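None of the values given here were measured: they were computed from a predicted structure.
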Amino acid sequence: MEESLDNLLGDGDGVEELTAQTALQEIENAWMNERFAPEILPHQSDLVDCMLQQIAHMEENIRRLDRCDLRALVHRMELDRIKYVISSYLRARLEKLERYTIHILEEEANRSPEEAYLTPGESRFANEYRASLETLFRTVALQHMPANFQKFEENNFNIKPNLQAHVFLRANRRVTGIVLPGMLNEEIDFEEGSQHIIQYSAVAHLVKSGVVQLI
């Protein structure tokens, strides 16, 4: 399988090439971070696109194998695992978009296109979902609610992620001076490979930069 995976990714063009195995590890890391972070994280659409291309490549290779070849079964199992990781990653993002729609769109409006957390498709979905919420509210309000409750106010629907939630992480490298929320002038250090439980708000920037990995 490693041989099949490493036949992949990167066509040069001045961009640092990724081996297939590295790309798979990175999308698995992104998946774990997205699952356990309370907020939506910057999208990893390039990695997803790479792995989708690799899935098509691997499926073609499997079709060339004899049905009785044990390698076909092993490769198919690995392929199913990769598909699960990608679909679970995208589903986690979709669930956050539905739960925190207004908050996410407000935050995204303050970012430049280069800093965007959402893909164009995700942004379009979130805006359409918000419009659907407003339409549904107005339909229900006009039919069943007193006139003074018929105004749609986004603040009443603006659910925000709990950034004070605790997360479990592993440090990918040594990092110093992490300020503990609510603890005046108290800082801690992470040693490479160490594991910690800490409020997400204290390490959000480290998660996004890849210094720590949520587990």
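- Here ring-ring contact (aromatic ring centres under 6.0 Å, His included) pairs that include residues 194-215, with residues two or more places apart or in two chains, are Phe190-His196.
- Among residues at least two apart or in separate chains, salt bridge (charged side-chain N to carboxylate O under 4.0 Å, His left out) pairs with a member in residues 204-215 are Glu39-Lys208.
- Annotation: side-chain contact (heavy atoms from CB on, under 4.5 Å) contacts of Asp66 (sequence neighbours excluded): Cys68, Asp69.
- If you chain together hydrophobic residues whose side chains sit under 4.5 Å apart, Ile55 and Val48 fall into the same group.
- For Ser88, the side chain to side chain donor-acceptor pair (under 3.5 Å) partners at least two apart in sequence or on another chain are Trp31.
- Put simply, the side chain of Lys96 never gets that close to the backbone of Leu41: no donor and acceptor are under 3.5 Å apart.
- Looking at Glu108, its side chain never comes within 3.5 Å of a backbone N or O of Ser123 through a donor-acceptor pair.
- Atom CD1 of Ile40 sits about 9.5 Å away from atom OG1 of Thr101, to the nearest 0.5 Å.
- We find the CD1-SG distance between Ile86 and Cys50 to be 10.0 Å, quoted to the nearest 0.5 Å.
- Judged by distance alone, the side chains of Asn29 and Gln25 do bring a donor and an acceptor atom under 3.5 Å apart.
- Taken together through direct or relayed side-chain contacts under 4.5 Å among Ile, Leu, Val, Met, Phe, Trp and Tyr, Met77 and Leu70 form part of one hydrophobic cluster.
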List, one per line, each side-chain donor-acceptor pair under 3.5 Å for residues 170-180, sequence neighbours excluded.
from   : atom 1 : to     : atom 2 : distance (Å)
Asn172 : ND2    : Gly210 : O      : 2.8
Arg174 : NE     : Glu191 : OE1    : 3.2
Arg174 : NE     : Glu191 : OE2    : 3.0

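- A 4.5 Å side-chain heavy-atom check between Val207 and Val167 finds every atom pair outside the cut-off.
- Lys83 is linked by a salt bridge (charged side-chain N to carboxylate O under 4.0 Å, His left out) to Glu59, counting only residues two or more places apart in sequence or in another chain.
- Under the salt bridge (charged side-chain N to carboxylate O under 4.0 Å, His left out) criterion, no residue pair touches residues 193-206, with sequence neighbours excluded.
- Counting only heavy atoms from C-beta outward, the side chains of Asn33 and Gln213 approach each other to under 4.5 Å.
- Put simply, NE2 on His57 and CG on Leu79 are 11.5 Å apart, with the number rounded to the nearest 0.5 Å.
- The stretch residues 87-120 participates, sequence neighbours left out, in no ring-ring contact (aromatic ring centres under 6.0 Å, His included) pair at all.
- A 4.5 Å side-chain heavy-atom check between Met58 and Ile82 finds at least one atom pair inside the cut-off.
- Taking the side chain as every heavy atom from C-beta outward, Leu214 and Glu34 never approach each other to under 4.5 Å.
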Test side chain to side chain contact (heavy atoms under 4.5 Å, CB included) applied to Glu106 and Asn158, step by step: CA-CA 10 Å; Glu106 287 180 349; Asn158 190 359; 3.2 Å; yes
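- Going from atom CG of Asp49 over to atom CG of Asp46 covers 6.5 Å, rounded to the nearest 0.5 Å.
- The hydrophobic cluster containing Ile197, built from Ile/Leu/Val/Met/Phe/Trp/Tyr side-chain heavy atoms closer than 4.5 Å, also comprises Phe168, Ile215.
- Using a 4.5 Å heavy-atom cutoff, the side chains of Phe125 and Leu97 are in contact.
- When side chains are defined from C-beta on, Leu169 does not count as touching Leu206, because their heavy atoms never get closer than 4.5 Å.
- Taking NZ of Lys160 as the reference point, atom CD1 of Ile102 lies at 11.0 Å (rounded to 0.5 Å).
- Contact check for Arg81 versus Glu78: side-chain heavy atoms found under the 4.5 Å cut-off.
- Heavy atoms only, all atoms of each residue included: Ile27 and Val85 are closest at O-CG1, 4.2 Å.
- Looking at heavy atoms from C-beta onward, His75 lies out of side-chain contact with Asn61 at the 4.5 angstrom threshold.
- In this structure, CD in Glu122 is found 4.0 Å from CZ in Arg93, a value given to the nearest 0.5 Å.
- Shown here are the side chain to side chain donor-acceptor pair (under 3.5 Å) partners of Glu128, two or more places apart in sequence or in another chain: there are none.
- Pairs passing the salt bridge (charged side-chain N to carboxylate O under 4.0 Å, His left out) check and including a residue from residues 198-207, sequence neighbours excluded, do not occur.
- For the pair Tyr129 and Glu98, the tightest heavy-atom approach, listed with the atom from each and the gap, is CE2-O, 3.5 Å.
- Scanning both residues, Ala202 and Pro181, for their nearest heavy atoms gives CB-CD, 3.6 Å.
- Shown here are the side-chain contact (heavy atoms from CB on, under 4.5 Å) partners of Glu60, two or more places apart in sequence or in another chain: Arg63, Arg64.
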